[in-house]
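Predicted model, so just to flag it, every value in this text is computed and none were measured.
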Amino acid sequence: MFNRPRLMFSAVALGCAGLLGFGLFLQHYQGLEPCPLCILQRIAFVSAGLIALLAALHNPSGWGRAVYAVLVLASAMAGAGVAARQIWLQHNPPRTLSCGADLDYMLESFPLSQALPMIFKGSGDCAEVKWLFLGLSIPEWALICFVAIAALALRILLARRRAA
């Protein structure tokens, strides 16, 4: 599998689709509403998944494969950064656990330059642990998944360099 980039890109795309599906299940059937940082993590999964799907369908070689791998890696690293921020908030909650405005309101009411710092500041919603599996919260599992996606993207890049 590790020597077949198309298969690896397909695995990333399917994994992201599965994770997004599970997130929607938790939201719509378990009643867990996503906070702004959760939504940003979903966007990173969508981005990595769509790029990986395009790469699997296109099946480029040479520098094209590297471009797709770098884009998947960038999406995974961005998502990992957001997940790490949320994990930090969960382990070091703000003194006041008030729920902040939702992502749509912030993006509609403020320019992006003001909304982004408010989103990453987090709120009580982002610091609250609403679900655990094997002792890990949703952002902790998301971080593990983002690291796995980044590792696959790096593997594709390194395989390309050895072949060159």
Quiz item: Is it the case that one hydrophobic cluster holds both W88 and V82, taking links as side-chain heavy atoms less than 4.5 Å apart, direct or via other members?
Solution: yes
Self-check item: Atom of V12, atom of A48 and distance for their closest heavy-atom approach
Solution: CG1-O, 4.2 Å
Quiz item: Side-chain heavy atoms under 4.5 angstrom apart, residues restricted to Ile, Leu, Val, Met, Phe, Trp, Tyr: same cluster for L50 and L71?
Solution: yes
Quiz item: Between L20 and R42, which heavy-atom pair has the shortest distance, and what is it?
Solution: CD2-O, 3.7 Å
Exercise. Say whether, by atom type as modelled, one donor and one acceptor occur between the side chain of R6 and the main chain of N59 under 3.5 angstrom.
Key: no
Quiz prompt | Minimum heavy-atom distance S137-Q90, with the two atoms named | solution = OG-OE1, 2.8 Å
Quiz item: Rounded to the nearest 0.5 Å, how far apart are CD1 of I156 and CG of L73?
Solution: 10.0 Å
Quiz item: Do V147 and F45 share a hydrophobic cluster, counting only Ile, Leu, Val, Met, Phe, Trp and Tyr and linking them when any side-chain heavy atoms are less than 4.5 Å apart?
Solution: no
Quiz item: At their closest point, which heavy atom of G49 faces which heavy atom of A13, and how far apart are they?
Solution: O-CB, 3.7 Å
Quiz item: Are the aromatic ring centres of H58 and Y68 under 6.0 angstrom apart?
Solution: yes
Self-check item: Worked check of side chain to side chain donor-acceptor pair (under 3.5 Å) between H91 and E140
Solution: CA-CA 11 Å; H91 292 280; E140 290 167 333; 3.0 Å; yes
Quiz prompt | CH2-CZ distance between W141 and F22, expressed to the nearest 0.5 angstrom | solution = 10.5 Å
Practice problem: Look at the side chain of Q30 and the backbone N and O of Q27, then say whether any donor-acceptor pair between them is shorter than 3.5 Å. | Solution: no
Practice problem: Look at the side chain of S47 and the backbone N and O of I43, then say whether any donor-acceptor pair between them is shorter than 3.5 Å. | Solution: no
Practice problem: Hey, could you give me the SG/CD1 distance between C38 and I138, rounded to the nearest 0.5 Å? | Solution: 6.0 Å
Quiz item: Got a second to check how far L143's CG is from I87's CD1, nearest 0.5 Å?
Solution: 4.5 Å
Quiz prompt | Minimal non-hydrogen separation, A153 against V72, with atom names | solution = CB-CG1, 4.1 Å
Practice problem: Please report the shortest heavy-atom distance between Q41 and P139, naming the atom on each side. | Solution: OE1-CA, 4.0 Å
Exercise. Just do the side-chain contact (heavy atoms from CB on, under 4.5 Å) check on I149 and C16 with the steps written out, would you?
Key: CA-CA 9 Å; I149 291 167; C16 288; 3.7 Å; yes
Quiz prompt | Atom pair CG (L14) and CG (L7), whose distance is rounded to the nearest 0.5 Å | solution = 9.5 Å
Quiz item: Any chain of hydrophobic side-chain contacts (each under 4.5 Å) joining W63 to I51?
Solution: yes
Quiz prompt | Single-linkage hydrophobic cluster, 4.5 Å side-chain cutoff, L19 and L24 together | solution = no
